[in-house]
Number of protein chains: 2
Amino acid sequence: MAKKIQPIERCDCDVIHEEIVNKVREKMPQEETLYDLAELFKVFGDSTRIKILWALDESEMCVCDIAFLLNMTQSAISHQLRVLKQAGLVKSRREGKTVFYSLEDEHVKQIFDQGLIHISEESK
Amino acid sequence: MAKKIQPIERCDCDVIHEEIVNKVREKMPQEETLYDLAELFKVFGDSTRIKILWALDESEMCVCDIAFLLNMTQSAISHQLRVLKQAGLVKSRREGKTVFYSLEDEHVKQIFDQGLIHISEESK
DNA sequence: AATATATATGAAAGCTTATTCAAGTGTTCA
DNA sequence: TGAACACTTGAATAAGCTTTCATATATATT
(Lines give C-alpha, C1' and ligand atoms only; values in the text may rest on other atoms or scores of the structure.)
Protein backbone atom coordinates (compact mmCIF):
# COMPACT_ATOMS: atom_id res chain seq x y z
CA MET A 1 0.00 0.00 0.00
CA ALA A 2 2.76 2.38 0.94
CA LYS A 3 4.11 3.98 -2.18
CA LYS A 4 7.81 4.08 -2.81
CA ILE A 5 9.21 7.49 -3.23
CA GLN A 6 12.25 8.48 -5.24
CA PRO A 7 15.53 7.97 -3.41
CA ILE A 8 15.97 11.48 -2.13
CA GLU A 9 19.19 12.03 -0.27
CA ARG A 10 18.33 15.28 1.38
CA CYS A 11 15.29 16.09 3.33
CA ASP A 12 14.61 19.73 2.76
CA CYS A 13 11.32 18.26 3.63
CA ASP A 14 9.02 21.18 3.30
CA VAL A 15 10.22 21.84 -0.21
CA ILE A 16 11.28 18.57 -1.78
CA HIS A 17 8.57 16.36 -0.31
CA GLU A 18 5.91 18.99 -0.61
CA GLU A 19 4.15 17.05 -3.32
CA ILE A 20 3.81 13.96 -1.16
CA VAL A 21 2.69 15.92 1.86
CA ASN A 22 0.07 17.74 -0.20
CA LYS A 23 -1.21 14.52 -1.70
CA VAL A 24 -1.51 12.91 1.72
CA ARG A 25 -3.14 16.01 3.16
CA GLU A 26 -5.82 15.90 0.47
CA LYS A 27 -6.62 12.28 1.21
CA MET A 28 -6.73 12.66 4.99
CA PRO A 29 -10.21 12.57 6.52
CA GLN A 30 -11.53 15.59 8.33
CA GLU A 31 -9.77 16.61 11.50
CA GLU A 32 -12.97 16.01 13.46
CA THR A 33 -13.42 12.50 12.13
CA LEU A 34 -9.93 11.51 13.16
CA TYR A 35 -10.48 13.06 16.56
CA ASP A 36 -13.72 11.12 17.03
CA LEU A 37 -11.98 7.94 15.96
CA ALA A 38 -9.27 8.48 18.56
CA GLU A 39 -11.92 9.17 21.19
CA LEU A 40 -13.63 5.89 20.35
CA PHE A 41 -10.45 3.87 20.57
CA LYS A 42 -9.56 5.60 23.80
CA VAL A 43 -12.70 4.04 25.26
CA PHE A 44 -11.48 0.63 24.14
CA GLY A 45 -8.05 1.36 25.57
CA ASP A 46 -8.74 0.23 29.10
CA SER A 47 -8.85 -3.39 30.18
CA THR A 48 -11.72 -2.85 32.61
CA ARG A 49 -13.90 -1.47 29.84
CA ILE A 50 -12.76 -4.17 27.43
CA LYS A 51 -13.80 -6.78 29.98
CA ILE A 52 -17.16 -5.13 30.55
CA LEU A 53 -17.86 -4.99 26.84
CA TRP A 54 -16.81 -8.58 26.36
CA ALA A 55 -19.04 -9.68 29.22
CA LEU A 56 -22.01 -7.74 27.87
CA ASP A 57 -21.47 -9.32 24.50
CA GLU A 58 -22.17 -12.64 26.20
CA SER A 59 -25.12 -11.52 28.26
CA GLU A 60 -27.04 -8.56 29.57
CA MET A 61 -25.88 -7.97 33.13
CA CYS A 62 -26.56 -5.73 36.11
CA VAL A 63 -23.93 -3.49 37.69
CA CYS A 64 -23.17 -5.57 40.75
CA ASP A 65 -22.90 -8.74 38.67
CA ILE A 66 -20.27 -7.08 36.53
CA ALA A 67 -18.51 -5.84 39.65
CA PHE A 68 -18.48 -9.35 41.07
CA LEU A 69 -17.36 -10.89 37.79
CA LEU A 70 -14.41 -8.51 37.50
CA ASN A 71 -13.71 -8.36 41.23
CA MET A 72 -14.02 -4.61 41.34
CA THR A 73 -16.12 -2.15 43.33
CA GLN A 74 -19.60 -1.32 42.14
CA SER A 75 -18.62 2.34 42.04
CA ALA A 76 -15.69 1.79 39.71
CA ILE A 77 -17.88 -0.26 37.37
CA SER A 78 -20.60 2.37 37.44
CA HIS A 79 -18.12 5.06 36.46
CA GLN A 80 -16.88 2.99 33.56
CA LEU A 81 -20.37 2.14 32.41
CA ARG A 82 -21.04 5.83 32.16
CA VAL A 83 -18.05 6.24 29.89
CA LEU A 84 -19.26 3.37 27.75
CA LYS A 85 -22.76 4.78 27.61
CA GLN A 86 -21.55 8.22 26.60
CA ALA A 87 -19.60 6.57 23.80
CA GLY A 88 -22.80 4.93 22.63
CA LEU A 89 -21.45 1.46 23.25
CA VAL A 90 -23.87 0.26 25.93
CA LYS A 91 -27.44 0.95 26.96
CA SER A 92 -29.31 0.38 30.19
CA ARG A 93 -32.76 -0.53 31.39
CA ARG A 94 -34.04 -0.41 34.92
CA GLU A 95 -35.94 -3.24 36.54
CA GLY A 96 -36.88 -2.28 40.07
CA LYS A 97 -33.73 -1.49 41.98
CA THR A 98 -31.57 -3.21 39.43
CA VAL A 99 -30.15 -1.64 36.28
CA PHE A 100 -29.27 -3.98 33.45
CA TYR A 101 -26.70 -3.04 30.86
CA SER A 102 -26.31 -4.46 27.38
CA LEU A 103 -24.44 -3.68 24.19
CA GLU A 104 -25.78 -0.82 22.12
CA ASP A 105 -23.62 -1.45 19.08
CA GLU A 106 -23.22 -4.89 17.58
CA HIS A 107 -19.97 -3.92 15.89
CA VAL A 108 -18.09 -4.10 19.16
CA LYS A 109 -17.15 -7.72 18.65
CA GLN A 110 -15.95 -6.97 15.13
CA ILE A 111 -13.69 -4.22 16.38
CA PHE A 112 -12.32 -6.65 18.97
CA ASP A 113 -11.76 -9.27 16.30
CA GLN A 114 -9.71 -6.90 14.17
CA GLY A 115 -7.60 -6.08 17.19
CA LEU A 116 -7.11 -9.73 18.00
CA ILE A 117 -5.93 -10.37 14.45
CA HIS A 118 -3.18 -7.81 14.95
CA ILE A 119 -2.18 -9.30 18.27
CA SER A 120 -1.95 -12.81 16.88
CA GLU A 121 0.06 -11.59 13.89
CA GLU A 122 2.47 -9.82 16.16
CA SER A 123 3.16 -12.80 18.37
CA LYS A 124 4.30 -14.91 15.43
CA MET B 1 -5.11 1.08 37.53
CA ALA B 2 -3.96 -1.23 40.28
CA LYS B 3 -6.61 -3.71 41.24
CA LYS B 4 -7.85 -4.39 44.71
CA ILE B 5 -7.06 -7.80 46.08
CA GLN B 6 -9.80 -7.72 48.64
CA PRO B 7 -12.98 -9.55 47.66
CA ILE B 8 -15.93 -7.53 46.50
CA GLU B 9 -19.06 -7.75 48.60
CA ARG B 10 -21.78 -9.68 46.94
CA CYS B 11 -25.26 -8.28 46.79
CA ASP B 12 -28.41 -10.36 46.66
CA CYS B 13 -28.37 -9.75 43.00
CA ASP B 14 -25.23 -11.86 42.65
CA VAL B 15 -26.78 -14.85 44.31
CA ILE B 16 -29.72 -14.79 41.99
CA HIS B 17 -27.63 -14.16 38.89
CA GLU B 18 -24.80 -16.47 39.79
CA GLU B 19 -25.57 -18.75 36.90
CA ILE B 20 -25.22 -15.93 34.39
CA VAL B 21 -21.99 -14.70 35.94
CA ASN B 22 -20.48 -18.17 35.84
CA LYS B 23 -21.50 -18.69 32.25
CA VAL B 24 -19.97 -15.36 31.22
CA ARG B 25 -16.80 -16.08 33.18
CA GLU B 26 -16.29 -19.33 31.33
CA LYS B 27 -16.61 -17.65 27.98
CA MET B 28 -14.31 -14.71 28.74
CA PRO B 29 -10.92 -14.80 27.02
CA GLN B 30 -7.76 -14.99 29.05
CA GLU B 31 -6.93 -12.03 31.25
CA GLU B 32 -3.72 -11.47 29.29
CA THR B 33 -5.47 -11.41 25.94
CA LEU B 34 -7.90 -8.76 27.11
CA TYR B 35 -5.04 -6.76 28.56
CA ASP B 36 -3.12 -6.92 25.27
CA LEU B 37 -6.23 -5.88 23.40
CA ALA B 38 -6.65 -2.84 25.64
CA GLU B 39 -2.97 -1.98 25.16
CA LEU B 40 -3.43 -2.08 21.39
CA PHE B 41 -6.48 0.15 21.43
CA LYS B 42 -4.71 2.50 23.78
CA VAL B 43 -2.21 3.11 20.99
CA PHE B 44 -5.07 3.99 18.64
CA GLY B 45 -6.60 6.22 21.29
CA ASP B 46 -4.66 9.35 20.47
CA SER B 47 -5.45 11.64 17.56
CA THR B 48 -1.81 12.34 16.77
CA ARG B 49 -1.11 8.63 16.37
CA ILE B 50 -4.32 8.12 14.40
CA LYS B 51 -3.22 10.86 12.02
CA ILE B 52 0.25 9.39 11.65
CA LEU B 53 -1.15 5.95 10.88
CA TRP B 54 -3.63 7.35 8.41
CA ALA B 55 -0.89 9.32 6.68
CA LEU B 56 1.39 6.30 6.48
CA ASP B 57 -1.44 4.30 4.99
CA GLU B 58 -1.35 6.75 2.10
CA SER B 59 2.37 6.91 1.71
CA GLU B 60 5.68 6.09 3.29
CA MET B 61 6.96 9.29 4.88
CA CYS B 62 9.95 10.67 6.73
CA VAL B 63 9.74 12.13 10.21
CA CYS B 64 9.93 15.79 9.35
CA ASP B 65 7.35 15.41 6.59
CA ILE B 66 4.92 13.96 9.12
CA ALA B 67 5.79 16.76 11.50
CA PHE B 68 5.13 19.31 8.76
CA LEU B 69 1.91 17.61 7.71
CA LEU B 70 0.53 17.59 11.23
CA ASN B 71 2.06 20.92 12.21
CA MET B 72 3.87 19.44 15.18
CA THR B 73 7.45 19.35 16.35
CA GLN B 74 9.67 16.63 14.98
CA SER B 75 10.45 15.55 18.52
CA ALA B 76 6.82 14.95 19.36
CA ILE B 77 6.35 12.93 16.18
CA SER B 78 9.48 10.92 16.88
CA HIS B 79 8.21 10.02 20.35
CA GLN B 80 4.90 8.87 18.93
CA LEU B 81 6.56 6.88 16.16
CA ARG B 82 8.41 4.99 18.83
CA VAL B 83 5.12 4.07 20.51
CA LEU B 84 3.73 2.93 17.17
CA LYS B 85 6.86 0.94 16.43
CA GLN B 86 6.79 -0.80 19.81
CA ALA B 87 3.19 -1.75 19.13
CA GLY B 88 4.29 -3.35 15.87
CA LEU B 89 2.23 -0.94 13.79
CA VAL B 90 4.97 0.82 11.86
CA LYS B 91 8.46 0.05 10.63
CA SER B 92 11.33 2.27 9.56
CA ARG B 93 14.19 2.29 7.11
CA ARG B 94 17.07 4.70 6.98
CA GLU B 95 18.21 6.36 3.79
CA GLY B 96 21.12 8.61 4.48
CA LYS B 97 20.15 11.10 7.12
CA THR B 98 16.48 10.49 6.53
CA VAL B 99 14.36 7.83 8.22
CA PHE B 100 11.27 6.69 6.39
CA TYR B 101 8.35 5.17 8.21
CA SER B 102 5.65 2.94 6.80
CA LEU B 103 2.88 0.69 8.04
CA GLU B 104 3.94 -2.66 9.42
CA ASP B 105 0.47 -4.14 9.69
CA GLU B 106 -2.01 -3.92 6.85
CA HIS B 107 -4.94 -4.46 9.20
CA VAL B 108 -4.70 -0.90 10.48
CA LYS B 109 -7.11 0.41 7.90
CA GLN B 110 -9.58 -2.36 8.70
CA ILE B 111 -9.52 -1.46 12.39
CA PHE B 112 -10.12 2.17 11.43
CA ASP B 113 -12.99 1.16 9.19
CA GLN B 114 -14.73 -0.73 11.98
CA GLY B 115 -14.35 2.31 14.20
CA LEU B 116 -15.74 4.58 11.51
CA ILE B 117 -18.77 2.34 11.13
CA HIS B 118 -19.54 2.86 14.80
CA ILE B 119 -19.09 6.62 14.54
CA SER B 120 -21.39 6.89 11.54
CA GLU B 121 -24.03 4.72 13.22
CA GLU B 122 -23.89 6.90 16.29
CA SER B 123 -24.41 10.17 14.47
CA LYS B 124 -27.64 8.95 12.91
C1' DA C 1 -42.39 6.43 57.26
C1' DA C 2 -38.31 4.10 58.00
C1' DT C 3 -35.03 0.92 56.34
C1' DA C 4 -32.49 -1.80 53.09
C1' DT C 5 -30.83 -2.46 48.53
C1' DA C 6 -28.90 -1.17 43.86
C1' DT C 7 -26.89 2.25 41.51
C1' DA C 8 -25.01 6.97 40.53
C1' DT C 9 -22.03 10.77 41.30
C1' DG C 10 -18.65 14.47 43.00
C1' DA C 11 -14.19 15.18 44.70
C1' DA C 12 -9.65 13.85 45.56
C1' DA C 13 -5.61 10.77 45.26
C1' DG C 14 -2.42 8.50 42.63
C1' DC C 15 -0.83 7.05 38.39
C1' DT C 16 -0.19 7.51 33.27
C1' DT C 17 0.80 9.97 29.22
C1' DA C 18 1.73 13.79 25.59
C1' DT C 19 4.45 17.45 24.59
C1' DT C 20 8.38 20.48 25.14
C1' DC C 21 13.09 21.50 25.80
C1' DA C 22 17.77 20.47 25.72
C1' DA C 23 21.19 17.49 24.54
C1' DG C 24 22.62 13.40 22.05
C1' DT C 25 23.56 10.08 17.87
C1' DG C 26 24.29 9.15 13.11
C1' DT C 27 25.01 10.69 8.38
C1' DT C 28 26.51 13.69 4.54
C1' DC C 29 29.28 17.00 2.43
C1' DA C 30 32.47 20.84 1.95
C1' DT D 1 37.69 17.55 10.31
C1' DG D 2 33.89 20.20 11.19
C1' DA D 3 29.50 22.01 10.14
C1' DA D 4 24.83 21.11 8.87
C1' DC D 5 21.02 18.15 8.85
C1' DA D 6 17.56 14.39 10.24
C1' DC D 7 16.34 12.14 13.83
C1' DT D 8 16.37 10.19 18.77
C1' DT D 9 16.17 10.37 23.63
C1' DG D 10 15.88 11.72 28.67
C1' DA D 11 13.87 14.68 31.90
C1' DA D 12 10.38 17.75 33.27
C1' DT D 13 5.95 19.65 33.17
C1' DA D 14 1.21 19.65 32.54
C1' DA D 15 -2.91 17.53 31.41
C1' DG D 16 -5.79 13.53 31.72
C1' DC D 17 -7.56 9.28 33.57
C1' DT D 18 -8.99 5.41 36.89
C1' DT D 19 -10.15 4.20 41.17
C1' DT D 20 -11.59 5.10 45.92
C1' DC D 21 -14.35 7.22 49.37
C1' DA D 22 -18.22 9.44 50.92
C1' DT D 23 -22.58 10.67 49.83
C1' DA D 24 -26.80 11.02 47.06
C1' DT D 25 -30.73 9.07 44.43
C1' DA D 26 -34.20 5.61 43.24
C1' DT D 27 -36.86 1.66 44.29
C1' DA D 28 -38.78 -2.01 47.20
C1' DT D 29 -40.23 -3.76 51.61
C1' DT D 30 -41.95 -3.80 56.24
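We name chains A, B, ... by the order of the sequence lines, and we start the count at 1 in each one. Only heavy atoms go into these numbers, but all of them, side chains included; no hydrogens, no water, no symmetry mates.
With distances taken from any side-chain atom of Val99(B) to the nucleotides dT18(D), dC7(D), dA8(C), the minimum falls on dC7(D).
Along DNA chain D, the nucleotide nearest Val83(A) and the nucleotide nearest Lys85(B) are compared for position; the residue whose nucleotide lies closer to the 5' end is Lys85(B).
When the side-chain contact (heavy atoms from CB on, under 4.5 Å) test is applied to Ser120(A), no partner is found at least two apart in sequence or on another chain. Every residue two or more places apart in sequence or in another chain was checked for a ring-ring contact (aromatic ring centres under 6.0 Å, His included) with Tyr101(A), and none qualifies. Partners of Arg94(A) under the side-chain contact (heavy atoms from CB on, under 4.5 Å) rule, at least two apart in sequence or in another chain, are Val99(A). By the side-chain contact (heavy atoms from CB on, under 4.5 Å) test, Glu39(A) pairs with Tyr35(A), Lys42(A), sequence neighbours left out. Partners of Ser78(B) under the side-chain contact (heavy atoms from CB on, under 4.5 Å) rule, at least two apart in sequence or in another chain, do not exist in this structure. For Phe100(A), the ring-ring contact (aromatic ring centres under 6.0 Å, His included) partners two or more places apart in sequence, or in a different chain, are His17(B).
Residue Arg82(A) places no side-chain N or O under 4.0 Å from the OP1 or OP2 atom of dT7(C). For the OP1/OP2 pair of dT19(C) and a distance below 4.0 Å, the side-chain nitrogens and oxygens of Gln80(B) include at least one atom meeting the criterion. Taking side-chain N and O atoms only, Thr48(A) has no distance below 4.0 Å to OP1 or OP2 of dT18(D). OP1 or OP2 of dT8(D) sits under 4.0 Å from a side-chain N or O of Tyr101(B).
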Polar atoms only, N or O, under 3.5 Å: list the protein pairs with nucleotides 21-27 of chain C and their distances.
residue	atom	partner	partner atom	Å
dC21(C)	N4	Ser75(B)	OG	2.8

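Between Arg49(A) atom CZ and dG16(D) atom P the separation is 16 Å, expressed in whole Å. One interatomic measurement links the two molecules: CD1 of Ile66(B) to P of dT8(D), which rounds to 9 Å at whole-angstrom precision. The distance from atom CE of Met72(A) to atom P of dT18(D) is 10 Å, rounded to the nearest whole Å. Across the protein-nucleic acid pair, Leu70(B) atom CG and dT19(C) atom P stand 10 Å apart, rounded to whole Å. Here dA8(C) presents its P atom at 7 Å from CG of Leu81(A), a figure rounded to the nearest Å. A straight line from CZ of Phe68(A) to P of dT7(C) spans 14 Å, rounded to a whole angstrom. The CG atom of Asp65(B) sits 16 Å away from the P atom of dC5(D) (whole-angstrom rounding). Across the protein-nucleic acid pair, Gln86(A) atom CD and dT9(C) atom P stand 9 Å apart, rounded to whole Å.
Neither side chain, Ser59(B) nor Lys23(A), offers a donor N or O lying under 3.5 Å from an acceptor on the other.
The cationic group of Arg49(B) does not satisfy the cation-pi geometry with Phe41(A), failing either the under 6.0 Å distance to the six-membered ring centre or the 45° limit from the ring axis.
In this structure, Phe100(A) reaches neither bases nor backbone, as no heavy-atom distance under 4.0 Å exists between it and the strands shown.
A heavy-atom distance below 4.0 Å to DNA chain C is reached by none of the residues of residues 38-45 of chain A.
Among pairs with a residue in residues 103-117 of chain A, those fulfilling salt bridge (Lys or Arg N to Asp or Glu O under 4.0 Å) read Asp57(A)-Lys109(A), at least two apart in sequence or across chains.
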In sequence, state the C-alpha distance, the side-chain angles, and the governing distance for Leu37(A) and Phe44(B), and then conclude on side-chain contact (heavy atoms from CB on, under 4.5 Å).
CA-CA 8 Å; Leu37(A) 203 52; Phe44(B) 285 95; over 6 Å; no
